Amino acid sequence: MDILMGLSELERATLTTVAPGATRAPSAPGPVVTIGVFDGVHLGHQLLITHAVDVARENQVPSVVMTFDPHPVAVFAPELTPPTLLPLAERARIIEALGVDYMLVIDFTKELAGESPEEYFRSVIVDKLGASRVVVGENFTFGAGARGTAATMVELGKAYGVDVDVVQLLHSGSERICSTAIRDALNEGDLGTASGFLGRTFSITAPVERGAGRGGRELGYPTANQYVPDTGATPADGVYAGWFTVVAGSEDEAPIDGDMEIGVAYPAAISVGTNPTFGDSRRSIESFVLDRDADLYGRMAKVEFVAKVRDMVKFNSVDELLENMARDVATVRSILNVD
């Protein structure tokens with residue numbers, strides 16, 4: 001999948017070339033385009049994107065996911081910007097796995113958002129992308145003041161000769177699957193709902209850094225410490241059972257110094273939050289990888305959160321802390337079904 005930044009004429013030409021393996025005449029229709037922020041690329045997003053990919057393949061034209069960076073809310077009300085479920089690079093990786101040919105990343109600006117729905121449709125969908133078909137969700141809005149809706153998109157499509165498919169929203173029981181619901185579940189430590197709506201285990205990928213020097217190794221529980229920007233979504237503070245993987249493709253491809261391997265998922269007891277017992281105010285993710293000992297500093301690692309073990313607690317002594325950590329590890333082994 002090619003990631004194209006901006007909307008130059010060169011990019012338009014690239015988008016209208018034949019996708020790998022396709023055989024279509026030069027006069028054939030342009031690409032099938034689906035539009036959205038796609039934060040999290042959850043099951044609802046996946047339904048939308050796979051529909052676009054399927055239609056594009058049927059018509060032997062490229063499929064294009066058009067997304068935005070930064071999040072539109074960040075432009076108009078930065079204080080209301082929701083924590084991102086996935087950084088752009090991770091979004092791209094998951095979108096590529098769905099079979100998309102191109103991902104077009106638009107620098108969202110007030111100027112772009114100020115265009116009327118028709119100006120937006122004509123300048124972006126028709127003139128820049130030359131789309132033959134557009135796929136949007138039924139709650140899609142666009143143009144100045146979000147006045148354009150999915151119904152508006154259908155009407156404009158008729159006027160400009162572009163087919164428009166409106167895909168119904170996806171629900172789990174009575175609850176709509178959306179990024180907001182996933183964030184709410186994470187804030188409650190409800191990994192079952194969050195991962196269920198995502199269609200995969202919720203995870204965070206970040207470099208392993210040196211911690212606050214609390215002597216975890218001396219205590220018998222050395223941890224791999226990761227720090228996530230305030231703009232990124234994390235589960236509620238607490239201890240979790242999950243999996244820790246040093247990510248293949250990190251800058252340092254040399255073998256790990258210790259008894260771990262790149263690309264292997266290891267069971268871990270994961271602490272999220274500050275460390276009240278030691279007075280550490282920085283919010284971090286600390287993973288104690290069970291039964292392993294390795295030098296992980298500087299490595300990029302993915303932490304997958306399976307289930308919550310307990311809330312964060314301030315203990316009165318190191319002995320009390322160690323006693324609870326031993327219980328946490330036993331609980332993690334039970335949850336993950338590992339010896």
Side-chain angles (χ1 to χ4, degrees), residues 7 15 29-59 61-69 71-77 80 82 85 91 95 98-100 102-106 108-183 197 199:
L7 284 169
L15 286 174
V32 175
V33 179
T34 185
I35 310 169
V37 176
F38 301 119
D39 184 22
V41 198
H42 56 62
L43 290 177
H45 295 150
Q46 293 172 39
L47 179 66
L48 195 68
I49 293 169
T50 53
H51 177 83
V53 169
D54 290 344
V55 172
R57 286 176 176 171
E58 288 173 6
N59 291 277
V61 298
S63 55
V64 179
V65 165
M66 176 175 156
T67 190
F68 307 96
D69 189 60
H71 193 292
V73 175
V75 174
F76 294 101
L80 299 178
L85 294 170
R91 269 190 280 164
I95 287 171
L98 296 173
V100 173
Y102 301 98
M103 187 172 88
L104 185 63
V105 183
I106 303 299
F108 193 85
T109 63
K110 290 184 178 180
E111 290 73 25
L112 177 64
E115 293 183 347
S116 70
E118 184 168 4
E119 289 172 336
Y120 182 101
F121 188 93
R122 184 179 63 250
S123 66
V124 177
I125 303 301
V126 178
D127 294 340
K128 299 287 175 99
L129 292 177
S132 61
R133 198 181 201 100
V134 178
V135 179
V136 296
E138 60 180 316
N139 64 338
F140 180 75
T141 60
F142 65 106
R147 292 197 302 270
T149 64
T152 308
M153 185 72 77
V154 172
E155 291 304 312
L156 289 170
K158 292 177 180 177
Y160 286 90
V162 178
D163 293 328
V164 177
D165 294 352
V166 178
V167 177
Q168 290 187 340
L169 300 176
L170 193 62
H171 290 76
S172 176
S174 61
E175 189 169 9
R176 179 164 67 91
I177 294 176
C178 62
S179 298
T180 298
I182 294 169
R183 293 189 194 96
F197 285 8

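The structure displayed is predicted, hence computed values, not measured ones. Both backbone and side-chain heavy atoms feed into the values below; hydrogens, waters and symmetry mates do not.
Scanning all heavy atoms of the two residues, the minimum distance from Ala52 to Ser63 falls at O-CB, 4.4 Å. Nearest heavy-atom pair across Leu48 and Val136 is CD1-C, 3.4 Å. The two residues Val64 and Pro31 have their closest heavy-atom pair at CG2-CB, 3.7 Å. In terms of heavy-atom proximity, Ala181 sits nearest to Phe197 at CB-CE2, 3.9 Å. Residue Leu156 comes nearest to Pro117 through the heavy atom pair CD1-O, 3.7 Å, listed as atom of the first residue, atom of the second, then distance. Of all heavy-atom pairs between Val162 and Val126, the closest is CG2-CG2, 4.3 Å.
Side-chain atoms of Thr141 never come within 3.5 Å of backbone atoms of Thr149 as a donor-acceptor pair (strictly under, hydrogens ignored). Distance alone, capped at 3.5 Å, places no donor-acceptor pair between the Ser172 side chain and the Glu175 backbone. A distance-only check finds a donor-acceptor pair linking the side chain of Glu138 to the backbone of Leu169 [under 3.5 Å].
Pairs passing the side-chain hydrogen bond (donor to acceptor under 3.5 Å, both in side chains) check and including a residue from residues 30-42, sequence neighbours excluded, read Asp39-Arg183, His42-His45. Within the structure, no pair that satisfies the salt bridge (Lys or Arg N to Asp or Glu O under 4.0 Å) test touches residues 47-59, not counting sequence neighbours.
Pro62 is listed as a side-chain neighbour of Tyr102, based on a closest heavy-atom distance under 4.5 Å. Residues Arg133 and Val61 form no side-chain contact, since every pair of their non-hydrogen atoms from C-beta on lies 4.5 Å or further apart. Annotation: side chain of Thr180 is not in contact with side chain of Pro82 (no heavy-atom distance under 4.5 Å). Looking at Leu129 and Leu104, their side chains come closer than 4.5 Å, going by heavy atoms from C-beta outward.
Around atom CD of Gln168, no more than 12 heavy atoms belonging to other residues, nucleotides or ligands sit under 6.0 Å away.
A distance of 9.5 Å separates CD1 in Ile49 from CE in Met103, rounded to the nearest 0.5 Å. In this structure, CD1 in Ile35 is found 5.0 Å from OH in Tyr120, a value given to the nearest 0.5 Å. Here Arg91 contributes atom CZ and Phe38 contributes atom CZ; the two are 9.5 Å apart, rounded to the nearest 0.5 Å. Expressed to the nearest 0.5 Å, how far CD1 of Ile177 lies from CG of Leu47 amounts to 9.5 Å.
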Between Met66 and Val124, is a side-chain contact (heavy atoms from CB on, under 4.5 Å) present by the stated rule, with each step listed?
CA-CA 10 Å; Met66 176 175 156; Val124 177; 3.4 Å; yes

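Remark: of the listed residues Phe140, Phe142, Tyr160, Tyr160 is the sole one forming a ring pair (Phe, Tyr, Trp, His ring centres under 6.0 Å) with Phe121. Just one residue in the list Asp165, Val164, Val166 forms a side-chain contact (heavy atoms from CB on, under 4.5 Å) with Met153, and that residue is Val164. The side chain to side chain donor-acceptor pair (under 3.5 Å) test with Ser123 is passed by exactly one of Glu118, Lys128, Glu115: Glu115.
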